[in-house]
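As structure tokens, the structure follows; a few thoughts come after it.
Side-chain atoms are counted along with the backbone in the values below, which use heavy atoms only and exclude waters and symmetry mates. Naming convention: chains lettered A, B, ... in sequence-line order (proteins, then strands); numbering from 1 in each chain.
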Amino acid sequence: MVLGPTGIGKTSAGIILAKEFNSVIISADSRQIYKEIPVGTAAPTPDQQVLVPHYLIGSHSIHDYYNAFEFEQDALKLSELLFNIHDIIFMVGGSMMYIDAFCNGIDDLPTVDDQVRQGLMEKYKNEGIESIRRQLKQLDPDFYNQVDLKNPKRVIHAVEICIMTGKPYSQLRTNPRKNRPFQIIKIGLDMDRGQLYDRINQRVLAMMDGNLEKEAFGLIEHQKLNALNTVGYKELFEYLNNKISKEKAIELIQRNSRHYAKKQLSWFRRDKEINWFHPSHVKEMIELIKTSHIN
RNA sequence: GGUACCAUAGCUCAGUAGGUAGAGCAACGGACUGAAAAUCCGUGUGUCCCUGGUUCGAUUCCAGGUGGUACCA
């Protein structure tokens, strides 16, 4: 498992490692999985994918419904197949919740019906969060006491699950720690924060020199899709809708990418199983894999 | 060279009728169970340019210095 903040160089480090072990890569990236947005997500290029076979890159459409549970299922199925051929396989990505679902498992909850979600969204818009909170307090007082009541998504989702199952959401949250039939070695990539931010800022400029604007322009009719509520696209849609200048959009993409990197580091920091490396220290990573790998 | 104005947080700037200071942005820290590149919460981080003077006390007043800007030469 190679993880780390956006822009740190997971893709190239992962390719070097996978080549070294003559192996393959399963991506753990909630946005590179969509085939329509390779530029803004800095997905591995066709050239890179020739060097090492990649899975779950561009395998889905922005119109598909996808989530962490489905990722867990897809990635587990793939790994089962691939372990028949390879002794070691690599997972490379930075989507925290996807990685967590793959490593530790995630509760099997029903997919939320579109009508239920739409109905609650309407209620939220018209009556405000307080009304959803009251509903949650009634349906699941336990969860009401532990949830972040200021976070609409959390509150709404809990109510959704209560409605879908007819049971309190808190009863369905078992916080699983599933055992996997394979060993997981976690390699985290990190570097000086200022250098990382420089890399991120420059990568955004490189994307703009590339085809990011064209990519976003081509998707403008789908701008409401969740898959496009993504750094790089939401800002460009603002620009293409004449809400902000192009320069402002670029600044915002850079800033939001930095914020995202910080958030990823904040999440990964509390996982004590992660072995941290500078992205250039590939030899040390190989050494770690060789010494900790149990046949 | 002369005159005027300015110098406070990473940046742009407020302010203190003399009691060591605060906004916006940036930054930093955190939460996280099917939307997660999402969503949400928290935190001022400071030789108030330097050296003297007045004062119980100076970032604030005074003098000189340094740097910047504008105008005049």
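Taking only side-chain nitrogens and oxygens, A:Arg117 comes nearer than 4.0 Å to OP1 or OP2 of B:rA35. Between B:rG34 and A:His157, a contact under 4.0 Å exists linking OP1 or OP2 to a side-chain N or O. For B:rA31, the OP1/OP2 oxygens have a side-chain nitrogen or oxygen of A:Ser266 closer than 4.0 Å. Not one side-chain nitrogen or oxygen of A:Thr111 sits closer than 4.0 Å to the OP1 or OP2 atom of B:rG34. For A:Asn226 and B:rA36, the shortest distance from a side-chain N or O to OP1 or OP2 is below 4.0 Å. Contact between the side-chain N/O atoms of A:Tyr65 and the OP1/OP2 oxygens of B:rA35 is found at a separation under 4.0 Å. Checking the phosphate oxygens (OP1, OP2) of B:rC32, no side-chain nitrogen or oxygen of A:Tyr98 falls inside 4.0 Å. An OP1 or OP2 oxygen of B:rU39 is reached within less than 4.0 angstrom by no side-chain nitrogen or oxygen of A:Arg154.
As rounded to the nearest Å, B:rG10 and B:rC48 have P atoms that lie 12 Å from one another. Separating the C1' atom of B:rU3 from that of B:rC61 is a span of 23 Å, rounded to the nearest Å. A gap of 7 Å separates the C1' atoms of B:rA21 and B:rU16, to the nearest Å. As rounded to the nearest Å, B:rU8 and B:rU60 have C1' atoms that lie 11 Å from one another. A gap of 26 Å separates the P atoms of B:rG24 and B:rC6, to the nearest Å. If you take atom P in B:rG15 and the same atom in B:rA27, they sit 27 Å apart, rounded to whole Å. Across B:rG44 and B:rC11, the matching C1' atoms stand 15 Å from one another, rounded to whole Å. Atom C1' of B:rU59 sits at a distance of 15 Å from the matching atom of B:rU51, rounded to the whole Å.
As judged by a 4.0 angstrom heavy-atom cut-off over every strand, A:Thr41 is placed among the base-contacting residues. Using a 4.0 Å heavy-atom criterion, one finds that A:Asp108 contacts the bases of the nucleic acid, with or without backbone contacts as well. Among the heavy atoms of the strands, none lies under 4.0 Å from A:Asn256. In this structure, A:Tyr169 reaches the sugar-phosphate backbone alone: every heavy-atom distance under 4.0 Å involves primed, P, OP1 or OP2 atoms, never a base. Backbone-only engagement by A:Arg269 is indicated by non-hydrogen atom pairs under 4.0 Å involving sugar-phosphate atoms exclusively. Residue-level contact check: A:Ser95 touches the backbone only, with heavy atoms under 4.0 Å from sugar-phosphate atoms and none from bases. At a threshold of 4.0 angstrom between heavy atoms, the contacts of A:Tyr197 are confined to the sugar-phosphate backbone, with no base atom among them. Nucleic acid contact for A:Gly40: base, since at least one base atom lies under 4.0 Å from a heavy atom of the residue. Heavy atoms of A:Pro110 sit nowhere under 4.0 angstrom from any nucleic acid atom. Residue A:Lys263 is in base contact, counting any heavy-atom pair closer than 4.0 Å across all strands shown. Counting non-hydrogen atoms under 4.0 angstrom, A:Tyr233 reaches nothing in the nucleic acid. Across all strands shown, A:Arg193 has heavy atoms under 4.0 Å from sugar-phosphate atoms exclusively, and none from any base. A:Arg258 comes within contact range of the sugar-phosphate backbone alone, with a heavy-atom separation under 4.0 Å but no base atom that close.
Remark: A:Glu122 does not engage A:Arg117 in a salt bridge, criterion side-chain N to carboxylate O under 4.0 Å. Look at A:Lys248 and A:Glu235 and you find no salt bridge, because none of the NZ, NE, NH1 or NH2 atoms lies under 4.0 Å from a carboxylate O.
Glycosidic conformation, B:rG34: syn, with the torsion inside 90° of 0.
More than 12 non-hydrogen atoms from other residues, nucleotides or ligands lie less than 6.0 angstrom from NZ of A:Lys35. The local environment of CD in A:Glu80 is sparse, with at most 12 non-hydrogen atoms from other residues, nucleotides or ligands closer than 6.0 Å.
Going from atom CG of A:Asp148 over to atom P of B:rA35 covers 17 Å, rounded to whole Å. Look at CD on A:Gln264: it is 14 Å from P on B:rC28, rounded to the nearest Å. Taking atom CD1 of residue A:Ile129 and atom C1' of nucleotide B:rU39, one finds them 11 Å apart after rounding to whole Å. Across the protein-nucleic acid pair, A:Gln32 atom CD and B:rA36 atom C1' stand 15 Å apart, rounded to whole Å. In this structure, A:Asp100 places its CG atom 13 Å from P of B:rA31, rounding to the nearest Å. In this entry the distance linking CD of A:Gln146 with P of B:rC32 reads 11 Å, nearest Å. Note: CD1 (A:Ile106) to C1' (B:rU33) measures 5 Å, nearest angstrom. Atom pair A:Ile156:CD1 and B:rC40:P shows a separation of 10 Å (rounding to whole Å applied).
Close placement of the A:Phe102 and A:Phe182 rings is indicated, their centers lying within 6.0 Å of each other.
Taking the six-membered ring where tryptophan is involved, the planes of A:Tyr169 and A:His157 are perpendicular, since the angle between them exceeds 60° and thus also 30°.
Distances were taken from every side-chain heavy atom of A:Met121 (C-beta onward) to each of B:rG34, B:rA35, B:rA27; the shortest belongs to B:rA35. Each of B:rU33, B:rG34, B:rC40 was ranked by its minimum atom distance to the side chain of A:Asn175; first place goes to B:rU33. Across B:rC28, B:rA31, B:rC40, the shortest atom-to-atom separation from the side chain of A:Lys262 is found for B:rC28. For A:Asn229, the listed nucleotide lying nearest its side chain is B:rU39; candidates were B:rG34, B:rU39, B:rA31.
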Intermediate values then yes/no, salt bridge (charged side-chain N to carboxylate O under 4.0 Å, His left out), A:Glu160 and A:Lys123
CA-CA 12 Å; A:Glu160 284 171 349; A:Lys123 187 171 176 179; over 6 Å; no

Does A:Asp107 form a salt bridge (charged side-chain N to carboxylate O under 4.0 Å, His left out) with A:Arg173? I'd like the steps, not just the answer.
CA-CA 7 Å; A:Asp107 280 318; A:Arg173 285 159 55 90; over 6 Å; no

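No side-chain heavy atom of A:Met1 sits less than 4.5 Å from a side-chain heavy atom of A:Ile274.
Checking A:Asn151 against A:Leu172, the closest nucleotide of RNA chain B that is more toward the 5' end is the one next to A:Leu172. Take the nearest nucleotide of RNA chain B for A:Tyr124 and for A:Ala42: the residue whose nucleotide is more 5' is A:Ala42.
Secondary structure note: stems in RNA chain B built from 3 or more consecutive Watson-Crick or G-U wobble pairs under 3.5 Å occupy B:1-7 with B:66-72, B:10-13 with B:22-25, B:27-31 with B:39-43, B:49-53 with B:61-65.
The shortest heavy-atom contact between A:Met91 and A:Ala75 is CE-CB, 3.9 Å.
One N or O on the side chain of A:Glu215 and one on the backbone of A:Val39 form a donor-acceptor pair closer than 3.5 Å.
For the pair A:Arg269 and A:Trp267, the cation-pi criterion (under 6.0 Å, within 45° of the ring axis) is not fulfilled.
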